[in-house]
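Working notes for the structure below.
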Amino acid sequence: AMSDGSPFTDPGLIRPGWQLAMPGSTSHPAGHVPPRHPAPPPPQHVAAVPEPLADAPRHVPNDLPAPAPDTSALPQQPAPAGASGREIPTASEHDTNLPVGLGLGAAAAGVVATLARRRRRAMRQRPGGMRLPLPTGDLAAAEHALNNSGNLDAANAIAGTLRLAAAVTPRDAAPVLELLIDRTVGIELQFTGAAQLPEPFVATEGGFRLPREHIPATYAAVDRADPAPALVHLGHDDRGAIYLNLEALGAVALDGDEEPCADLIRRILTSASGCPWSALTEVRVTADSVATSDPLCKAVSVELDVELPRLAELAKHTASEVERAGCDRLAALRWRSDEPPDGVSLVVATPGDPRVEELVALARDPRNAVVAVLIGACPDVSTIKVTSEAILLPDAALVAVPAITAECLGAVRELIDLTNAPFVPPSHEPYAEVHDQAPASSDPAEVLVRVLGPLEIEGPVPHLPPLLRDIVLYLALHRRGVSLGEMATALWPEALRSEKTLRNRMHELRRALGGRISLGPGWRFDDTVTTDWAQFQAWSKGSLEDRQRALGLVRGQPLREVKGDWPSLEGFEAEMEARIVDLAVEVSEALLEAGEPKAAMESVRAGLQASPWEERLFLLGMRSAADRGAIGELKTLYNELRSMLDLEADEVPDPDTEAMYLSLLEAARRMSAQGLVEANGPSLRR
């Protein structure tokens, strides 16, 4: 009900920043944490949307579900069961970003990068003909929450805002960041002591805010080091996502209920390990404080009496740098220096450790790069009070903390564990659906949609705007047909599109393609449209010449430039990469056996376009170069492999690969020498 008592019925009038009390919920004052209780779901014909769009519908059709809605203003809904019985949580009333990144905040960006890196490593170890296991069902929904582009953009926006603020801070100022609040209207910075930030920052009651429309200005400062490497995501309140700069406190104790404290320390360690600025933070935990086996955490387990001498030496060195710069604390120097000073050593310990007082003394010296987090009450140390519903920061506001953090992290651990699971056959889900939706076909067609590389559309088709190109790609790989709701959920998960708008776009596309799309309700292409993926699958089953022809269709990494995560979650990316690599290996080996090393190299290069870190293909390429006596090419291939592995996975080639390289290099040298002997005659022998 609106202020005049009439019901609010037009979603097209919703404005950013509004807080809506939905039917069945109750408004609460800022800082109040209501009791957590389940509530019945909203009616099927009502959908919550995070913000209005220009084409927001005047009504929401029943057959068009709202994808990834922001449920921050709704009462808590029952959570769906996870893949192993664990619940995948939804948002609490004050946890406004929980559906975006499973409540991990900016650390979700690090988790996404970790998943990608581990899957690339697993793909390199994959036996021919097998596939990498991928998440399905609710576990796929959990990964979709991690992949949400809004969350990853927010992580980069936070890092960029910190850098821009440091770049425009007056040199004679020495601000120390205390809190960062990621709000709907912008990113707010709160400092200890005086601070002055010019436009585009806007002064607020507690600090300065960079409005959302000025976030692109942070791109100018991307080369600066982040001035708050101890910034960790704690939770949310009515203002937004709350990040605390632990370096501003130096030493902090977590005091409260055991399980909420354990959840909070996991959140701190995950945030310190996975945020975009985590490269400047080393995490150490004492043996009796917390386990370090969590794959989300880069913490190293240490004995405090062994670690303290190293920390003391580091503190001495850092303090001298701070004094030389004329600052009173390292956190202030970070905002003034063009050269990045030392990072942060975040040490987690317990107050009962015999030498904890020495650790606290180091952390309290603001000139040092040591931060102490104590699990348990400790006299004369800044304390964060923790309960099952909220935490109270020292000298700050009440912050709601999701009581479901452990379940959130559990879902993420399942995703990471899946990267180590046994490989599966191509008949396994979701790959079986890939084959069903995009079957092999070598039949000629009038329109060819190229997906084995950058998206291209060949045939009598005019230039299409991006939205229509997205639809073409999706329909080209879903030959059975899709509903408008399915397509909207996959292509635009962050927005609600009206059925009328989508039907208008489909009819525009149908006219542009000369009626090659059915009229629905199952929208699909007719047989005059095909893909290079369908051709690849058909030709890969033919003769050696056909298989070489199939590899000739590969122009780059399949579907990597596609907006959204449906190609990866539905298995298209992994299936295309695996099929291309397997075929390239098979054809290259056959050509080498047939004494055609140059043709084998062409097949190797085709496979490397799809998977540029595939070690087996590099080995076959080196064999081809050795057979031709091409020493320079052989060395180039090995150096290319080393560079690619270092860039993508921070790894080096397998020892067997290095041994094979040295053996092939020696063979190539012998072959090259033999070639010179034959060309120059007996004089070279003498």
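Counting from 1, the numbers follow the sequence of the chain as shown. Worth knowing before you read on, the calculation uses all heavy atoms, side chains too, and leaves out hydrogens, waters and symmetry mates.
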Near Met130 CE, under 6.0 Å, is it more than 12 heavy atoms from other residues, nucleotides or ligands? yes

I'd like to know if the side chain of Ser663 reaches the main chain of Ala659, judged simply by a donor and an acceptor atom lying under 3.5 Å from each other, with no hydrogens or angles considered. no

Looking at Pro227 and Leu162, what are the two nearest heavy atoms and their distance? CG-O, 3.5 Å

Show the numbers, then the answer: is there a side chain to side chain contact (heavy atoms under 4.5 Å, CB included) between Glu570 and Leu134? CA-CA 9 Å; Glu570 292 187 28; Leu134 293 177; over 6 Å; no

Whether the side chain of Arg121 engages the backbone of Arg117 through a donor-acceptor N/O pair (distance < 3.5 Å, no angle test) should be reported. no

Closest non-hydrogen atoms of Gln537 and Lys541, given as atom of the first, atom of the second and distance, are O-CG, 3.5 Å

Donor-acceptor pair, Asp627 side chain versus Pro597 backbone, under 3.5 Å? no

Is the closest basic N to carboxylate O distance between Glu589 and Arg623 below 4.0 Å? no

Give a yes or no answer on whether the side chain of Asn245 reaches the backbone of Leu177 with a donor-acceptor pair at less than 3.5 Å. yes

Would you mind checking if Asp582 and Arg579 are paired as a salt bridge, meaning a charged N to carboxylate O distance below 4.0 Å? no

Between Ser271 and Arg267: side-chain donor-acceptor atoms closer than 3.5 Å: no

With heavy-atom distances below 4.5 Å as the criterion, would you say the side chains of Leu304 and Arg284 are in contact? no

Rounded to the nearest 0.5 Å, how far does CE of Met601 lie from CG of Leu620? 9.5 Å

Can you check whether Leu308 reaches Leu362 side chain to side chain, under 4.5 Å on heavy atoms? yes

May I ask you to decide if His317's main-chain N or O and Ser320's side chain share a donor-acceptor pair within less than 3.5 Å? yes

Working for side chain to side chain contact (heavy atoms under 4.5 Å, CB included), residues Glu615 and Leu645: CA-CA 9 Å; Glu615 211 159 337; Leu645 292 182; 4.1 Å; yes

Please give me the minimum heavy-atom distance between Pro426 and Gly129, naming the atom from each residue. CD-O, 3.4 Å

Classify the angle between the aromatic ring planes of Tyr661 and Tyr638 as parallel (below 30°), tilted (30 to 60°) or perpendicular (above 60°). parallel

At what distance, to the nearest 0.5 angstrom, does CG of Leu246 lie from CG of Leu234? 7.0 Å

Check whether any side-chain heavy atom of Arg549 lies under 4.5 Å from a side-chain heavy atom of Glu545, and answer yes or no. no

Assess whether side chain to side chain contact (heavy atoms under 4.5 Å, CB included) is satisfied between Val344 and Arg334, documenting all intermediate values. CA-CA 11 Å; Val344 167; Arg334 297 188 195 281; 3.5 Å; yes

Hey, is Arg124 close enough to Glu651 for a salt bridge, meaning N to O under 4.0 Å? yes

Shortest non-hydrogen pair, Thr286 vs Thr350, comes out as OG1-N, 4.3 Å

Give the C-alpha distance, both sets of side-chain angles, the deciding distance and a yes or no for side-chain hydrogen bond (donor to acceptor under 3.5 Å, both in side chains) between Glu575 and His435. CA-CA 9 Å; Glu575 175 62 13; His435 304 148; 2.9 Å; yes

With side chain to side chain contact (heavy atoms under 4.5 Å, CB included) as the criterion, how do Leu330 and Asn368 come out once you've worked through the C-alpha distance, each side chain's angles and the decisive distance to 0.1 Å? CA-CA 6 Å; Leu330 176 60; Asn368 296 338; over 6 Å; no

Rounded distance [0.5 Å steps], CD1 in Ile416 versus OG1 in Thr114: 6.0 Å

Between Asp646 (side chain only) and Arg642 (backbone N and O only), is there a donor and an acceptor less than 3.5 Å apart? no

Salt-bridge criterion met for Glu307 and Arg310 (N-O under 4.0 Å): yes

Interatomic spacing from CG in Leu608 to CD in Gln557 - rounded to 0.5 Å: 10.5 Å

Side chain proximity check, Ile631 to Arg669, heavy atoms < 4.5 angstrom: yes

How long is the straight-line distance from OG of Ser611 back to CZ of Arg616, given to the nearest 0.5 Å? 8.5 Å

Atom pair CH2/CE of Trp613 and Met123 - distance to nearest 0.5 Å: 8.5 Å

Are the side chains of Met576 and Leu477 in contact, using a 4.5 Å heavy-atom criterion? yes

Contact between Asp353 and Leu374 at the side-chain level, heavy atoms closer than 4.5 Å - yes or no? no

Can Glu640 and Arg605 be counted as an ion pair, charged N to O under 4.0 angstrom? yes

Any non-hydrogen side-chain atom of Leu452 less than 4.5 Å from a side-chain atom of Phe536? yes

Compare all side-chain heavy atoms of Leu591 with those of Leu544 and state whether any distance is below 4.5 angstrom. yes

Nearest heavy-atom pair of Arg547 and Val587: which atoms, and what distance? CB-CG2, 3.7 Å

For Val348 and Ile375, the nearest pair of non-hydrogen atoms, with its separation, is CG1-CD1, 3.7 Å

